[in-house]
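Have a look at the structure below, then the notes.
Just so it is clear: chains get the letters A, B, ... in the order the sequence lines come, proteins before strands, and each one is counted from 1.
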Amino acid sequence: MMQKIEALVHHAFESLKSSDLIDHTITPHIVVERTRDNSHGDFTTNVAMMLAKQAKTNPRTLAEHIIAALPQDASVIKVEIAGPGFINFFVDRNAQYDIIKRILNEGAQFGLSKLGAGKKVQVEFVSANPTGPLHVGHGRGAAYGSVVADLLAAVGFDVHREYYVNDAGRQMDILATSIWLRYLEVCGEILPFPSNGYRGDYVRDIAATIHQSASNDYRRPAELVLENTPLDEPDGGDKEVYIDALINRTKTLLGKVLYRDFFQIGLNTILDDIRDDLQEFGVDYQQWFSERHLMEDGSVDTALNRLRSGGHLYEKDGAIWFASGVLGDEKDRVVVRENGQCTYFASDIAYHMNKLDRGFDRIINIWGADHHGYIPRVRAAMTALGADESKLKVLLVQFATLYRGDEKVQMSTRSGDFVTLRQLRNEVGKDAARFFYVMRRSEQHMDFDLDLATSKSNENPVFYVQYAYARVCSVLRQLDEKGWARNLLLGMDHLHSLTEEHETNLIGILARYPEVLQRAALHYEPHQLIQYLRELATAFHTYYNAHQFLVDDAQIRDARLNLICAVKQVLSNGLGLINITAPESM
RNA sequence: GCGCUUGUAGCUCAACCGGAUAGAGCACCAGCCUUCUAAGCUGGGGGUCGCAGGUUCGAGUCCUGCCAAGCGCGCCA
């Protein structure tokens, strides 16, 4: 309908041009919107106001010309000028009933579109370091990323979901060393735990598991481990220097092969846990991309060589720098350290080169908001690699602060004192967790109230929407119990009897669903869909309270049943996109 | 100090490329169950859209300056 009106206005412009009422050089950008107020009709356009100056007339006069030139259309029953020059369109109610037929015909397909035209989009999200279980901060990125990906797929993009596994680098060495030290404790060795090590209970668990299968194979005496190590921070030393020394001792004492095995067991255990966790949270990936793989197959060297041949690298202070400063970054960045090791940034350049080489039309990175300072250097790298940096879209997710009632839940990753995503799921359930996470704009700081998410009351927005769905199901069960059967075709023939204000309002909301989906997808804003579902649920609950559906008059009854079945379908489609269940009864 | 983000009702948040009277939920007050699930509905009060300028037919939305909060500014990841 919206496109139809847009076309009508476009035709009007063309005929005004040909009759010389409007300058030929004017090319109107016609935008037709739904009105926000029923008294303004169904659709509106502001072109008259936008172009009045160019057309050298006032908005209302121009609007009159446009209306006079509008082609006739049976579904448009009234057009009027309002306010400073809006052109408002009133649509024939009978045309609006068609949406119910469409929804019931298209079913689960209703709302989907081909807007994306099959363009390849990669969405990389979560990508938490595999140094421990996911915590509630990662949960928001997981929920947000998966819904964004599903929304894009729903409007016709070819979506590739990916998790970048940082399985190389110092943090992983710290993890492996932490596990080994805990393992030695299990063996009976007595030694202090480094202040910069990973202290979470999961480290002890992994150590215990390894000891069960490997017994004392990796055991070395504590004296040897601590031989020639500097002081840890609590003793007046530097915790970074100390942990690096311990990593070196670990590598030396275990030897290359055993260290590698040990490292791998830790990595696999944690990665498996993360995989399970995400899967149970309704998050699936097409690919888990290994950073280490990138280093081992020479991709990092290739990327650096490409930068070098483009003249973007130089040497200073024994390190190799990427001249990102001239490409929009705050300053230049080191890619190869003085000790010959590549930085994390170097492998990230290779990773983005790899993404580009795979031919994605759009590359979406979903990061925690604390990484925002990293964006310019990645863009600089893409530009230096000769790519179009506008293909990259970085979406930032702010942290969620957990509350239990009024009380803030304190968290610290390093000390191991944090709420895991798994704990959150166990406490509030997958549905509530997903719903709450994407309820707010992602860049918005968010307060996550655990008590509210678990409360089975009218305060809880998740139940509110699910209850609307369950209510429709309940009505259908009642229909059956009363010995009636729904006659779909009879209902279709009498949709015109749905004239109550509650009914026309509901129909109007249903008709908006495809547009909401497109907007939510193209702007990467799942919260738009949530808002919509709440609005739809409200309109349904209101209708439910105002009118009886199961009336004796079969024509009205079946028309109403068709309407509420359409509501049921759209609720199901919308909840499905957020990956939240639609319960038959509650 | 520089950069990014945020600032809307008592609280948590919306507001579609700049559009008509800034909307929800919670909380508060007053009502609705002999009728399809009251996890629901109806009505009410509640706002200098952080502050000050500017752009224009029109600004919560765009521009500039200030104020406040969060984050970032490693040869960490």
Assign the ring pair His371(A) / Tyr374(A) to parallel, tilted or perpendicular, where the plane angle (0 to 90°) is split at 30° and 60°.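 The rings of His371(A) and Tyr374(A) stand perpendicular, inter-plane angle above 60°.
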Can you classify the ring geometry of Phe289(A) versus His293(A) as parallel (below 30°), tilted (30 to 60°) or perpendicular (above 60°)? perpendicular
Going by heavy atoms in the side chains, are [X] and [Y] under 4.5 Å from each other?
X	Y	value
Val428(A)	Phe436(A)	no
Asn365(A)	Tyr164(A)	no
Pro526(A)	Val148(A)	yes
Leu424(A)	Tyr437(A)	yes
Lys355(A)	Tyr351(A)	yes
Leu533(A)	Leu571(A)	yes
Trp367(A)	Val378(A)	yes

Rounding to an integer number of angstrom, what distance separates [N] and [M] when you compare their [atom1] atoms?
N	M	atom1	value
G72(B)	A14(B)	C1'	28 Å
G50(B)	C17(B)	C1'	26 Å
U5(B)	U64(B)	P	12 Å
U34(B)	C51(B)	P	50 Å
C73(B)	G47(B)	P	42 Å
U12(B)	A77(B)	P	37 Å
C29(B)	G45(B)	C1'	8 Å
A20(B)	C26(B)	C1'	29 Å

Look at [X] and [N] and indicate whether a side-chain polar atom (N or O) is within less than 4.0 Å of OP1 or OP2.
X	N	value
Arg471(A)	A38(B)	yes
Tyr469(A)	A39(B)	no
Lys53(A)	C57(B)	yes

Side chains of [X] and [Y]: donor-acceptor distance under 3.5 Å anywhere?
X	Y	result
Arg486(A)	Asn562(A)	yes
Gln171(A)	Asn166(A)	no
Thr538(A)	Tyr464(A)	yes

Can you name the residues that form a salt bridge (Lys or Arg N to Asp or Glu O under 4.0 Å) with Arg471(A), not counting sequence neighbours? none
Contact class for [X] (heavy atom, under 4.0 Å): base, sugar-phosphate, or nothing?
X	result
Pro59(A)	nothing
His371(A)	base
Met439(A)	nothing

Could you check, using the six-membered ring where one of them is a Trp, whether Phe549(A) and Tyr543(A) have ring centers closer than 6.0 angstrom? yes
How about Tyr513(A) and Tyr532(A): are their ring centres within less than 6.0 Å of each other? yes
Quick check on contacts: within residues 32-41 of chain A, what sits under 4.0 Å from RNA chain B by heavy-atom distance?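 Output list: Arg36(A), His40(A).
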By a strict heavy-atom criterion of less than 4.0 Å, which residues belonging to residues 537-550 of chain A are in contact with RNA chain B? His541(A), Thr542(A), Tyr544(A), Asn545(A), His547(A), Gln548(A), Phe549(A), Leu550(A)
Rounded off to whole Å, could you give me the [atom1]-to-[atom2] distance for the [X] and [N] pair?
X	N	atom1	atom2	answer
Glu240(A)	A77(B)	CD	P	11 Å
Glu291(A)	A77(B)	CD	P	8 Å
Arg333(A)	C76(B)	CZ	C1'	13 Å
Asp348(A)	G74(B)	CG	C1'	16 Å
Lys331(A)	C73(B)	NZ	P	9 Å
Arg60(A)	C57(B)	CZ	P	17 Å
His502(A)	C36(B)	NE2	P	18 Å
Met50(A)	C57(B)	CE	P	12 Å

By nearest nucleotide on RNA chain B, pick out whichever of Glu525(A) and Val334(A) is the more 5' one.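 Taking each residue's closest nucleotide, the earlier one in sequence belongs to Glu525(A).
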Residue whose nearest RNA chain B nucleotide is more 5′ - Phe86(A) or Glu584(A):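 Looking at RNA chain B, the more 5' nearest nucleotide goes with Phe86(A).
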Anti or syn, where syn is a glycosidic angle within 90° of 0; which label fits C4(B)? anti
Glycosidic conformation of C17(B), syn or anti, with 90° from 0 as the boundary?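 Judged by the O4'-C1' to base torsion, C17(B) sits in syn, the angle falling within 90° of 0.
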Can you say whether a donor on the side chain of [X] sits under 3.5 Å from an acceptor on the base of [N], or the other way round?
X	N	value
Asn88(A)	A20(B)	yes
Thr44(A)	A20(B)	yes
Arg337(A)	C75(B)	no
Asn46(A)	G19(B)	yes

Check: protein-nucleotides 2-11 of chain B nitrogen or oxygen pairs below 3.5 Å:
unit_1 : atom_1 : unit_2    : atom_2 : d
G3(B)  : N2     : His372(A) : NE2    : 3.0

Which residues share a side chain to side chain donor-acceptor pair (under 3.5 Å) with Arg170(A), sequence neighbours left out: Glu240(A), Asp244(A)
Per [X] side chain, nearest of listed nucleotides [options]:
X	options	result
Gln531(A)	A14(B), C13(B), A20(B)	A14(B)
Met49(A)	A14(B), C16(B), G19(B)	G19(B)
Asn166(A)	A77(B), C75(B), C36(B)	A77(B)

For RNA chain B, which ranges pair as stems of 3 or more consecutive Watson-Crick or G-U pairs, with both donor-acceptor distances under 3.5 Å? B:1-7 with B:67-73, B:10-13 with B:23-26, B:28-32 with B:40-44, B:50-54 with B:62-66
Stacked pair Tyr464(A)-A39(B), distance under 5.5 Å, angle under 30°: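 Taking the rule of under 5.5 Å and under 30°, the ring of Tyr464(A) does not stack on A39(B).
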Give a yes or no answer on whether the side chain of Ser127(A) reaches the backbone of Tyr163(A) with a donor-acceptor pair at less than 3.5 Å. no
